[in-house]
Amino acid sequence: MNLTKEIGVTGELHLCLNGHTVTGKTASMRIFATAGVGGETLTLCDCTAKTVDGVYTAGKLTGSHNTNTGAGGGAIFLRSGGELKLFDGIICDNSTVAGGGAIYASKATIEMHNGLFSGNIAKNAAGEWKTGGAIYLQDTAMTMYGGEITGNESNDGAGIHLA
């Protein structure tokens, strides 16, 4: 599936990849708080995920590029009260010109139960590195129960940047 527009989540969205790939062009999956209320939840899972001979395979959220200099997050943007629950799946090869090549989260909550963040980049068009190659956290609670964050790029916090 190719994303051509941003997806705004105003309630709950359960996205079960089941081995499929969601590819963004200039779009991002986004979770926005509605009128400051919060409570929006994105659950990303993959029931087909497996590791064979050390190689992890699962559905992917990939290829999004966020050019908004005021709000980062190449693939996912979580704002006040938003929540992301990740149960397996791969978030890879996304980029932003601000912070958080894969995810930018401010006053939100993230739970990671397995999964992989890889190849995400925070760098602007002038070639200046930004923060949080994979994940940029600002006043956000993140709990990681398993999974891997590897091979992401930025100048400060190639994996996770805590603001």
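What you see is a predicted model; the values in this text were computed from it and never measured.
A donor-acceptor distance shorter than 3.5 angstrom exists from the side chain of N152 to the backbone of G119, with no hydrogens or angles considered.
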Please report, to 0.1 Å, the donor-acceptor pairs under 3.5 Å made by any side chain of residues 66-78, with sequence neighbours excluded.
unit_1	atom_1	unit_2	atom_2	d
N66	OD1	R30	NH2	3.1
N66	OD1	N68	N	2.8
N66	ND2	A71	O	2.7
N66	ND2	G72	O	3.3
N66	ND2	G73	O	3.2
N68	OD1	G70	N	2.8
N68	OD1	A71	N	3.3

Please list every donor-acceptor pair under 3.5 Å in which a side-chain atom of residues 130-144 meets a protein atom from a residue at least two apart or in another chain.
unit_1	atom_1	unit_2	atom_2	d
Q138	OE1	Y104	OH	2.9
T140	OG1	A105	O	3.1
T140	OG1	K107	N	3.2
T140	OG1	A108	N	3.3
T140	OG1	Q138	O	3.0

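W129 belongs to a hydrophobic cluster whose other members, connected by ILVMFWY side-chain contacts under 4.5 Å either directly or through intermediates, are I121. Taking a 4.5 Å side-chain heavy-atom cut-off between Ile, Leu, Val, Met, Phe, Trp and Tyr, the cluster of V52 contains only that residue.
Residues L86 and Y145 have side chains not in contact (no heavy-atom distance under 4.5 Å, counting atoms from C-beta outward). Side-chain contact between V97 and H65: present, with at least one pair of heavy atoms (C-beta onward) separated by less than 4.5 Å. By the 4.5 Å heavy-atom criterion applied to side chains, S106 and S80 are not counted as neighbours. I91 places none of its side-chain heavy atoms less than 4.5 Å from the side chain of L116. Residues N120 and D93 have side chains not in contact (no heavy-atom distance under 4.5 Å, counting atoms from C-beta outward).
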What verdict does the side-chain contact (heavy atoms from CB on, under 4.5 Å) test give for F87 and T43, after you've listed the backbone C-alpha separation in whole Å, the side-chain angles of each residue and the deciding distance to 0.1 Å? CA-CA 8 Å; F87 298 93; T43 302; 4.0 Å; yes
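Once rounded to the nearest 0.5 Å, the distance linking CG of L44 with NE2 of H113 reads 12.5 Å. Of the inter-residue distances, the one linking K85 atom NZ with I110 atom CD1 reads 13.0 Å to the nearest 0.5 angstrom. Between the CD atom in E40 and the CG atom in L13 there is a gap of 12.0 Å [rounded to 0.5 Å]. Between S118 atom OG and E148 atom CD the span is 8.0 Å, to the nearest 0.5 Å. Note: K123 NZ to S154 OG = 11.0 Å, rounded to the nearest 0.5 Å.
Clustering ILVMFWY residues whenever any of their side-chain heavy atoms sit less than 4.5 angstrom apart, transitively, puts F117 in a cluster other than the one holding V55. L17 and I90 are not part of a single hydrophobic cluster, where members link through side-chain heavy atoms under 4.5 Å apart.
Closest approach of G100 to A122, counting heavy atoms only: N-CB, 4.2 Å.
Residue pairs meeting the side chain to side chain donor-acceptor pair (under 3.5 Å) criterion with at least one partner in residues 49-62, sequence neighbours excluded, are Y56-D88. A side chain to side chain donor-acceptor pair (under 3.5 Å) check over residues 15-24, counting only residues at least two apart or in different chains, returns nothing.
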